[in-house]
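In each ligand, atom 1 is the first atom listed, and ligand 1 is the first ligand listed.
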Amino acid sequence: MSGRLRFVLGDQLTRALSSLSDLDPDRDVVLMVEVAEETRYVRHHKQKIAFLLSAMRHFAKDLTAQGIRVDYVTLDDPNNTHSFTGELARAIARHTPDMVVVTEPGEWRVWQMMQDWRTAFALPVEIRDDDRFFCTRDDFARMTAARKTTKMEYFYREMRRRTTILMAGAAPEGGQWNFDRDNRKSLPRGVVPPPRRRFAPDDITRAVMTLVEARFGDHFGDLQPFGWAVTRTDALAALDHFITDCLPGFGDYQDAMKTGEDFLFHGLISPYLNCGLLTAPEVCARAEAAYHAGNAPLNAVEGFVRQILGWREFVRGIYWTEMPGYAQTNHLDAGRDLPAFYWTGQTSMRCMADCIGTTRRNAYAHHIQRLMVTGNYALLTGIAPAQIEEWYLAVYIDAFDWVELPNVHGMVLHADGGRTGSKPYAASGAYIDRMSDYCTGCAYDPKLKIGPKACPFNYLYWNFMIGNEAVLARNPRMAMSYRTLQRMDPARRADILRSAADFLAQQDEGQSAYNGPQQPRLDNGW
Ligand code: FAD
Ligand code: DLZ
Ligand code: SF4
């Protein structure tokens, strides 16, 4: 072969991908590989594996239908070496290309692998920028050097100016950058979220589901019912449905939680964005168009755009400017083992049970559930960063290291000392009570502060504040809480510490679910 081998990874399923942009169908071959190294580097939720493998197979089929030669290695290929490097080596031997072209990966782990490929294969390996993002890695690094990325809000404003999204000339649309204050309503009785569009598995998805059940049946989570889109056509239909039926209510109820309402008005588009079936610019353009057509209010559209143009780009930038040291920091010196109930959902805390329940059923929980319930609990109880990060990376369908790590390590755990967010999002039960209906019918009482019936989040919150006083008391954004703590009666303080110690001792007693990082198991073939 005198063409190029174009290696497309499982989260790069975009026809306009940089590594495919100048593809010559007469000379080039696209390589795609299903490998155990990727299916097992954490014990992914069953729906996550089924989604990725089915989306990969559909993408390969679409390319083939366009007359492109695709060399696709399946997981059960008897000659599969089960690593990206091993499969690239075999494909180079099969096709003898002039060079290899790839788009940079989403994970540091794979980036490191790629650095070795030039010397390993003695042929040119071109690694191209991933231009599906608004901000390149180099651009973010330059902005960091110019101190434009110290806070998400300023980075976001800069991105609004650069892209002109939701801008009226030099000013932000509607006269303000941020409508967050309008976006903190709980869900009133009588407001019913729309039923969500789901997609019935076709033959390809069903075959993948059989494979997942056989090979990964012991992984966390339900495989059925499976309703995710696995093609670009269906992902676009999911986006249409969101823009028409959900975006108008997205802003108002962005922070709300309700028992059994797993999706509310959220996008459910992160898996499609992260694996390439949708792109961030097209999603933002659709939301902006809905606003200009008068179909969605500004607080909803701005709130939605901020998540994608702001947070999503910001966390990616942090990941690539701060890795690999980033993952090793532990600012609050947290070291508790992950409790077993994160996997089983068996806990009397109704909020935790519901958030873990939706995670198990759907491989999905919305942002506030991840941040203010399961994340808040991990922060308050000091769970070891690596253990809770592994949980988040495994259980969510949209989880890739570049986006999961800064959200968990930075935003939730404050383990990065404030690079991602200027203060930890620590909250007592009052927040969860205000934003949800979880507390009604919970075994605990959100109004009680101490004792066996009190909401654990209440005494755990003050226990956390006391335990981290030396590190957090100087943070101006924590000043109000520390003033309250200073005024607290010493006997009350002692009661809180005792309630927290009793609760945590009970939790820790033989309850650790952590068995160490999961390594790919290759001993039985794959
Ligand atoms: P919507 O609420 O509809 O938001 C729209 C889009 O904005 C999302 O699809 C997503 O692409 C983007 N977005 C929103 N918030 C963030 C954010 N904080 N960081 C990056 N993008 C954001 N998102 C992931 O894509 N993968 C992860 O592994 C992931 N892990 C998270 C872990 C924790 C602890 C927290 C607090 C957040 C995490 N997020 C992650 C961000 C966010 O929770 C999800 O993107 C969102 O819940 C996806 O559902 P949605 O499409 O319905 O989002
Ligand atoms: C997540 C995942 C899984 C489960 N399986 C594969 C796979 O078999 N082949 C593949 O190319 N990619 C897979 N992925 C996505 C990769 O983990 C992801 O592309 C890299 O981590 C780079 O971000
Ligand atoms: Fe969660 Fe506490 Fe409310 Fe129970 S009372 S649901 S533990 S916040």
Side-chain angles (χ1 to χ4, degrees), residues 7-12 32-42 44 48-49 51-53 56 73 75 82 84 87 104-107 109-111 152 242 246-247 250 254 263-275 278 280 283 303-316 347-354 364-375 377-378 388-389 392-393 396-408 411-413 420 425 428-433 436-448 454-458:
F7 191 8
V8 173
L9 309 184
D11 55 356
Q12 300 183 335
M32 295 178 70
V33 301
E34 297 176 0
V35 288
E37 190 173 53
E38 297 308 305
T39 54
R40 292 207 191 271
Y41 72 90
V42 288
H44 305 284
K48 182 179 175 189
I49 303 177
F51 166 70
L52 249 290
L53 297 191
M56 285 175 67
V73 180
L75 207 51
H82 291 294
F84 280 154
E87 283 315 285
E104 65 194 0
E107 306 204 346
R109 180 180 62 84
V110 182
W111 174 249
M152 197 304 278
F242 166 70
C246 311
L247 181 61
F250 175 87
Q254 197 179 343
F263 310 122
L264 294 168
F265 294 85
H266 288 275
L268 306 189
I269 54 164
S270 49
Y272 313 138
L273 281 171
N274 294 352
C275 84
L278 297 176
V283 166
F304 180 72
V305 164
R306 178 155 25 93
Q307 304 313 312
I308 297 174
L309 182 60
W311 278 112
R312 187 168 186 269
E313 298 284 325
F314 184 68
V315 298
R316 177 176 185 260
T347 161
S348 320
M349 292 177 281
R350 200 156 177 256
C351 52
M352 291 291 283
D354 189 69
Y364 176 87
H366 63 73
H367 187 68
I368 291 300
Q369 294 175 314
R370 297 187 204 192
L371 181 65
M372 299 309 294
V373 181
T374 46
Y377 188 86
I388 187 71
E389 283 152 20
Y392 276 101
L393 191 59
Y396 291 115
I397 191 162
D398 55 22
F400 294 89
D401 205 40
W402 67 266
V403 54
E404 171 274 323
L405 188 71
N407 269 298
V408 181
M411 201 172 343
V412 163
L413 301 178
T420 317
Y425 282 87
S428 70
Y431 176 87
I432 297 173
D433 194 21
S436 77
D437 66 349
Y438 290 145
C439 304
T440 315
C442 179
Y444 300 105
D445 184 340
K447 302 278 182 295
L448 294 180
C455 167
F457 283 88
N458 289 341

Would you call Arg109 a ligand 2 contact, heavy-atom distance under 4.0 Å?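 Distance cut 4.0 Å: Arg109 passes for ligand 2.
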
[X] and ligand 1 - part of the residue with a heavy-atom distance under 4.0 Å:
X	value
Phe242	neither
Asn274	side chain
Leu273	side chain

Please list, in number order, the atoms of ligand 2 under 4.0 Å from a heavy atom of [X].
X	value
Gly10	10 (C), 11 (O), 12 (N), 19 (O)
Val35	7 (C), 8 (O)
Tyr41	17 (O)

[X], any N or O under 3.5 Å of ligand 2 N or O:
X	answer
Asp11	yes
Glu38	yes
Gly106	yes

Quick one: which ligand 1 atoms are inside 4.0 Å of a heavy atom on [X]?
X	answer
Arg312	11 (O), 20 (C), 21 (N)
Phe250	1 (P), 2 (O), 3 (O)
Val412	34 (C)
Met411	18 (N)
Phe304	5 (C)

Do you know which of Val403, Leu278, Asp11 makes side chain to side chain contact (heavy atoms under 4.5 Å, CB included) with Leu273?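 That would be Leu278.
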
I need the Asn407 CG to Trp311 CH2 distance, nearest 0.5 Å.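 These two atoms lie 8.0 Å from each other.
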
Applying a heavy-atom cut-off of 4.0 Å, say which part of Met56 lies close to ligand 2: side chain, backbone, both or neither.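 Met56 to ligand 2: side-chain contact only, backbone stays beyond 4.0 Å.
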
Considering only heavy atoms, does Leu53 approach ligand 2 within less than 4.0 Å through its side chain, its backbone, both, or neither?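 For Leu53, the contact with ligand 2 is made by the side chain alone.
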
With a 4.0 Å cut-off, would you call Arg316 and Glu104 a salt bridge?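 Salt bridge between Arg316 and Glu104, a charged N being under 4.0 Å from a carboxylate O: yes.
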
Contacts of Thr374 that satisfy side-chain contact (heavy atoms from CB on, under 4.5 Å) - sequence neighbours left out: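 Testing Thr374 for side-chain contact (heavy atoms from CB on, under 4.5 Å), a comparison that skips the adjacent residues, returns Tyr342, Met352, Cys355, Ile356, Trp391, Tyr392.
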
Any N/O pair Trp311/ligand 1 closer than 3.5 Å: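 Between Trp311 and ligand 1, no N or O pair is found under 3.5 Å apart.
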
Please report which non-hydrogen protein atom sits nearest to atom 53 (O) of ligand 1, along with the residue it belongs to and the distance in Å to one decimal place.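 Checking every protein heavy atom, the shortest distance to atom 53 (O) of ligand 1 gives Gly267 N, 4.3 Å.
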
Protein residue, atom and distance nearest to atom 9 (N) of ligand 2, heavy-atom basis: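 Going atom by atom, the protein heavy atom closest to atom 9 (N) of ligand 2 ends up being Val33 O, 2.8 Å.
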
Between the candidates Tyr272, Phe263, Tyr364, which shows the shortest non-hydrogen contact distance to atom 52 (O) of ligand 1?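 Heavy atom nearest to atom 52 (O) of ligand 1 belongs to Tyr364.
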
For atom 3 (Fe) of ligand 3, which protein N/O/S atoms fall under 2.8 Å? Skip waters.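 Near atom 3 (Fe) of ligand 3, below 2.8 Å, one finds Cys439 SG.
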
